[in-house]
Amino acid sequence: MPEMPEVENIVRGIRKYIVNQKIVDIEIIKGDVIKYPEIKKYKELLIGNSIKAIDRRGKYIILKMDNGILSVIHLRMTGKLLYTLQNQPIDKYSCVVFYLEDGNKLVYADVRRLGTLEVVNTDELSRIKGLYTLGAEPLSKEFTIEYLQNILKGSKSKIKSFLLNQKNIAGLGNIYVDEALFLSKINPLRIATSLNDMEIKRLHEAINKVISAGIEDGGTTFRDYRNGLGGKGSHQEHLYVYNRKGQPCRLCQTVIEKTTVGGRGTYYCPSCQRLDS
DNA sequence: AAGGATACCTGAATGC
DNA sequence: TGCATTCAGGTATCCT
C-alpha cells in the first residue's frame with residue numbers, strides 16, 4: 001500500500017505524540033509479522049526503553065530507542081502504524097500493540113500480514129538488506145540529474161521495473177512510478193539505457209514533482225492506506241493515469257490503458273507516452 | 001545482470 | 001446466491 005509519500009505522512013503525523021515516550025509493554029496478537037529477533041527477545045529489547053526519534057528511509061520506518069537499538073518497520077502492502085488513544089478501540093487487524101507510558105498506544109495492524117517488524121543494533125543494520133542497499137531519496141541533495149544518468153547507464157531493465165527497484169531510487173512504488181512516467185512522457189516499456197538526456201531531465205523533475213505532491217496531499221488512499229492518526233490522503237483525486245483505465249487522459253483525452261510490466265499492473269496514456277517517436 | 005515465476009497472506013471485486 | 005478466479009500502494013528468493 002504505502003509508498004514514500006504515505007510513509008512520510010505516517011512518520012510526520014505521529015512523531016510529536018510518541019517521541020520521548022517509554023514503551024511500557026508490548027502485546028503480540030499476530031506474532032508472525034515479527035521477523036527478528038524471536039518474539040521473546042524482541043519484547044525484551046524494547047520494553048522499558050524510550051523512543052528517541054522516528055524517521056523514514058525509503059519505505060522503512062525507523063524508531064531510534066534510547067538504548068541505542070533500532071526498531072525497523074516495513075508496511076509492505078497493507079501495513080498500518082496507528083497512534084491510538086487510550087479509550088479508542090484498536091484496529092480490527094492489529095498484530096502488535098506498543099503501550100506507551102501516557103496510556104496511549106502505537107498499533108501495528110496489517111490485513112495481509114506481509115509487513116515486517118525487526119529490532120537491530122545500530123552496528124547490525126546490514127542485517128536488513130533491503131534497508132542497507134537503498135538508492136538515493138527523491139527530493140534529496142544526492143538525487144541529481146547526474147545521479148539518475150549514472151544509474152540508468154547500462155541498465156537493460158524496462159524503465160518501469162528500473163524505477164520500482166529500491167536499489168536505484170528509494171521510495172517509489174507502483175502508483176508514483178506510473179505517474180512520473182506519464183508526466184515525463186516516457187512509455188513504461190522503454191529500456192532504461194535508451195533514455196536521452198532530455199528524457200532523463202524530464203524524468204528527474206517528474207519524480208520529484210509527483211513525490212512532493214503526494215506528500216503534500218497526505219498520500220494516496222485507495223483502500224487500506226491511513227496515516228498514523230487514521231486519516232485518509234487525497235492524492236488519488238489528482239492522479240493522471242494510475243487506476244484510470246478506460247478514462248480520458250487529462251491532457252489529450254485519449255483513453256488510458258492498462259497493461260502488465262514486470263508483473264505489475266501499469267497504467268499509461270498510449271498517446272502521450274509513445275514507444276516509438 | 002535481468003527477468004520471470006513463486007511465495008508470503010487476506011479480502012474485495014469480478015466472472016460465470 | 002454461490003463458488004471460482006483475479007487482483008491489490010511490496011519485496012525476497014529461486015530459477016533460467
Side-chain angles (χ1 to χ4, degrees), chain A residues 1-10 29-36 56-61 72-81 91-95 108-118 126-135 138 151-181 188-194 210-211 213-215 217-228 232-239 241-246 258-267:
Chain A
M1 99 171 142
E3 305 179 33
M4 188 271 238
E6 288 73 38
V7 179
E8 179 66 21
N9 270 283
I10 292 171
I29 298 167
K30 296 280 186 185
D32 57 353
V33 293
I34 295 175
K35 302 300 177 189
Y36 183 84
R56 179 195 59 74
R57 173 79 174 98
K59 301 172 193 171
Y60 287 86
I61 297 168
V72 180
I73 298 172
H74 196 299
L75 306 171
R76 293 286 177 98
M77 294 290 263
T78 52
K80 298 181 205 172
L81 193 59
D91 187 279
K92 183 177 172 188
Y93 296 102
S94 296
C95 300
Y108 180 77
D110 193 342
V111 174
R112 293 171 66 182
R113 302 200 310 283
L114 297 175
T116 58
L117 278 67
E118 299 171 84
S126 59
R127 174 177 284 285
I128 305 174
K129 209 173 153 213
L131 175 58
Y132 189 67
T133 58
L134 286 175
I151 58 173
L152 285 167
K153 208 177 293 173
S155 170
K156 292 173 202 153
S157 296
K158 299 180 185 88
I159 188 65
K160 160 102 184 192
S161 305
F162 180 92
L163 295 174
L164 284 173
N165 186 340
Q166 304 298 296
K167 294 183 182 73
N168 297 137
I169 300 169
L172 294 176
N174 211 29
I175 295 176
Y176 295 98
V177 164
D178 281 5
E179 293 296 304
L181 289 174
L189 292 173
R190 288 281 301 283
I191 301 303
T193 196
S194 79
V210 295
I211 288 293
I215 293 173
D217 289 339
T220 304
T221 298
F222 275 116
R223 41 182 84 82
D224 302 292
Y225 171 68
R226 294 294 182 278
N227 63 34
K232 297 182 180 183
S234 67
H235 193 64
Q236 62 279 9
E237 295 161 23
H238 305 292
L239 296 174
V241 287
Y242 188 85
N243 208 34
R244 294 196 68 243
K245 177 186 172 182
K258 184 187 183 190
T259 182
T260 301
V261 181
R264 306 299 303 276
T266 299
Y267 300 85

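Here is the naming used below: chain letters follow the sequence lines, and residue numbers restart at 1 for every chain.
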> What base-paired stems does DNA chain C take part in, with at least 3 consecutive Watson-Crick or G-U wobble pairs and both distances under 3.5 Å?
Replying inline: B:2-8 with C:10-16, B:10-16 with C:2-8
> How would you label the contact of A:Lys158 with the nucleic acid (heavy atoms, under 4.0 Å): base, sugar-phosphate, or nothing?
Replying inline: sugar-phosphate
>> Test side-chain contact (heavy atoms from CB on, under 4.5 Å) on A:Leu172 and A:Ile211; report intermediate values, then the result.
In response: CA-CA 8 Å; A:Leu172 294 176; A:Ile211 288 293; 3.7 Å; yes
>> Show the nearest heavy-atom pair for residues A:Val33 and A:Cys95, with the distance to one decimal.
In response: CG2-CB, 3.9 Å
>> Could you tell me how far apart A:Lys156 (NZ) and B:dG4 (P) are, to the nearest whole angstrom?
In response: 14 Å
> Once you round it to whole Å, what is the distance between P of C:dA8 and CG of A:Asn243?
Replying inline: 9 Å
>> At less than 4.0 Å, is any side-chain N or O atom of A:Arg113 found next to OP1 or OP2 of B:dT10? Yes or no.
In response: yes
> Where do A:Phe222 and A:Ile175 come nearest, in terms of heavy atoms and distance?
Replying inline: CE1-CD1, 4.0 Å
> Between A:Tyr267 and A:Val241, what is the shortest heavy-atom contact and its length?
Replying inline: CB-O, 3.3 Å
> Can you name the nearest heavy-atom pair linking A:Leu163 to A:Leu181, along with the distance?
Replying inline: CD1-CD2, 3.9 Å
> When the distance from NZ of A:Lys80 to P of B:dT10 is rounded to whole Å, what number comes out?
Replying inline: 16 Å
> Taking atom P in both C:dG10 and B:dA1, what distance in whole Å separates the two?
Replying inline: 25 Å
> To the nearest angstrom, how far is A:Arg76 atom CZ from C:dT11 atom C1'?
Replying inline: 4 Å
> Does A:Lys258 place a side-chain N or O at less than 4.0 Å from the phosphate oxygens OP1/OP2 of C:dA8?
Replying inline: yes
>> Less than 6.0 angstrom separating the ring centers of A:Tyr176 and A:His235, yes or no?
In response: yes
> Can you check the A:Leu114 CG to C:dT13 C1' distance for me, whole Å?
Replying inline: 15 Å
>> Please confirm whether the shortest side-chain N or O distance from A:Lys59 to OP1 or OP2 of C:dG10 is below 4.0 Å.
In response: yes
> Expressed in whole Å, how much space separates the P atoms belonging to C:dT13 and B:dC9?
Replying inline: 15 Å
> Within the pair A:Tyr93 and B:dC9, is there a side-chain N or O less than 4.0 Å away from OP1 or OP2?
Replying inline: no
>> Taking only side-chain N and O atoms of A:Ser155, does any of them lie within less than 4.0 angstrom of OP1 or OP2 on B:dA2?
In response: yes
>> Just N and O in the side chain of A:His74: are any of them under 4.0 Å from OP1 or OP2 of C:dG10?
In response: no
> Can you check the A:Asn165 CG to B:dG4 C1' distance for me, whole Å?
Replying inline: 15 Å
> Is the shortest side-chain N/O distance from A:Arg264 to OP1 or OP2 of C:dG10 below 4.0 Å?
Replying inline: yes
> Counting only side-chain N and O atoms of A:Gln166, is one of them less than 4.0 Å from OP1 or OP2 of C:dG10?
Replying inline: no
>> Output the rounded distance in Å from CG (A:Asp110) to C1' (C:dT11).
In response: 14 Å
>> So which atom in A:Lys59 and which in A:Val7 form the shortest heavy-atom distance, rounded to 0.1 Å?
In response: O-CG2, 3.8 Å
>> I want to verify a distance call: between B:dG4, C:dG10, B:dC9, whose nearest atom is closest to the A:Glu3 side chain?
In response: C:dG10
> Within this structure, what is the CG-to-P distance between A:Leu189 and B:dG4, rounded to whole angstrom?
Replying inline: 10 Å
> Are any of A:Thr116's side-chain N or O atoms less than 4.0 Å away from OP1 or OP2 of C:dT11?
Replying inline: no
>> Looking at every non-hydrogen atom in both residues, tell me the closest pair between A:Ala170 and A:Gly58 and how far apart they are.
In response: CB-CA, 3.8 Å
>> So if I take every side-chain heavy atom of A:Asn174 and compare against C:dG10, B:dG3, C:dA8, which nucleotide ends up nearest?
In response: C:dG10
